[in-house]
Amino acid sequence: MNEQTIFQLLKKTKEKALAVYSKFHVSAVLVTKSNELITGINIESSSYGLTICAERVALFKALSEGYREFDRIYIMSDLPVPCPPCGACRQVLMDYAPDIKVIMYSDNGQKDGALLKDLLPRNFPGPKS
Ligand code: THU
């Protein structure tokens with residue numbers, strides 16, 4: 001999949017976001033090490049705090065399907081600039097995909113990228129560490 005195809009997939013996926021409360025639509029495309037693409041949208045609840053972000057939906061879908069190794073995650077939101085993932089998503093990504101690359105697109109095509117490790121320095125390593 002080339003970048004243009006991923007960009008179009010992010011746009012199409014974002015249309016499916018269930019964001020009736022915030023009206024802020026987010027999509028994610030998670031790419032496994034074996035090159036599978038798993039999409040996610042934000043899904044909001046009438047009890048607002050139960051809302052889940054697009055990044056975690058994509059990750060949980062993938063984990064639930066048995067994928068364990070991830071190369072990168074793409075994110076798109078309604079913002080006119082690339083939108084980095086929230087702190088909660090950074091932590092959960094760190095738990096399951098510490099070496100992942102994060103690529104952010106605005107829907108007008110601006111792009112930014114970072115390693116998750118750089119987005120979450122001195123991260124909580126878990127109680128077993
Ligand atoms: N949201 C995401 O999907 N990903 C993020 O990284 C930040 C926020 C969603 C949650 C909620 O549905 C809406 O954006 C507004 O916060």
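What's counted below: heavy atoms across the whole structure, side chains too, no hydrogens, waters or symmetry copies. Counting begins at 1 with the first residue of the sequence. Numbering of ligands and ligand atoms starts at 1, following listing order. All figures in this text were calculated on a predicted structure; none of them were measured in a lab.
Tested against Leu93 for a side chain to side chain contact (heavy atoms under 4.5 Å, CB included), the candidates Leu120, Leu116, Leu119 yield a single pass: Leu116.
Within 6.0 Å of atom CZ in Phe7, more than 12 heavy atoms from other residues, nucleotides or ligands are found, so the atom counts as buried in its surroundings. The environment of NZ in Lys33 is crowded: more than 12 heavy-atom neighbours from other residues, nucleotides or ligands sit within 6.0 Å.
Ligand-side atoms of ligand 1 in range of Glu55: 2 (C), 3 (O), 4 (N), 5 (C), 6 (O), range being under 4.0 angstrom from any heavy atom. Interface of Glu44 with ligand 1, defined as ligand atoms under 4.0 Å from a residue heavy atom, comprises 11 (C), 12 (O), 13 (C). If you number the atoms of ligand 1 from 1 as listed, the ones under 4.0 Å from a heavy atom of Pro85 come out as 6 (O). Short contacts between ligand 1 and Thr51, defined as distances under 4.0 Å to a heavy atom of the residue, involve ligand atoms 10 (C), 11 (C), 12 (O).
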Mind running side-chain contact (heavy atoms from CB on, under 4.5 Å) on Gln8 and Gln4 for me, showing each step along the way? CA-CA 6 Å; Gln8 291 307 334; Gln4 187 56 30; 3.1 Å; yes
Checking side-chain contact (heavy atoms from CB on, under 4.5 Å) for the pair Phe70/Leu63: CA distance, chi angles, key distance, verdict? CA-CA 10 Å; Phe70 306 104; Leu63 292 170; 3.9 Å; yes
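Nearest protein neighbour of atom 9 (C) of ligand 1, counting heavy atoms only, is Asn42 ND2, 3.6 Å. Regarding atom 14 (O) of ligand 1, its nearest protein heavy-atom neighbour is Phe24 CD2, 3.3 Å. Of the protein's non-hydrogen atoms, Cys53 SG, 3.6 Å is the one closest to atom 1 (N) of ligand 1.
When distances from atom 16 (O) of ligand 1 to the protein are checked, no heavy atom turns up under 4.0 Å.
Under a 4.0 angstrom heavy-atom cut-off, Ala19 registers as lying outside contact with ligand 1.
Annotation: Ala54 places an N or O atom under 3.5 Å from an N or O atom of ligand 1; distance criterion only. Any N or O atom pair closer than 3.5 Å counts here, and Cys86 shares at least one such pair with ligand 1.
In this structure, Glu55 contributes its side chain and Cys89 its backbone to no donor-acceptor pair below 3.5 Å.
With a 4.0 Å heavy-atom cut-off, ligand 1 is reached by the side chain of Ser22 but not by its N, CA, C or O.
Using a 4.5 Å cut-off on side-chain heavy atoms (C-beta onward), Ile41 and His25 make no contact. Thr32 is not listed as a side-chain neighbour of Glu69, based on a closest heavy-atom distance of 4.5 Å or more.
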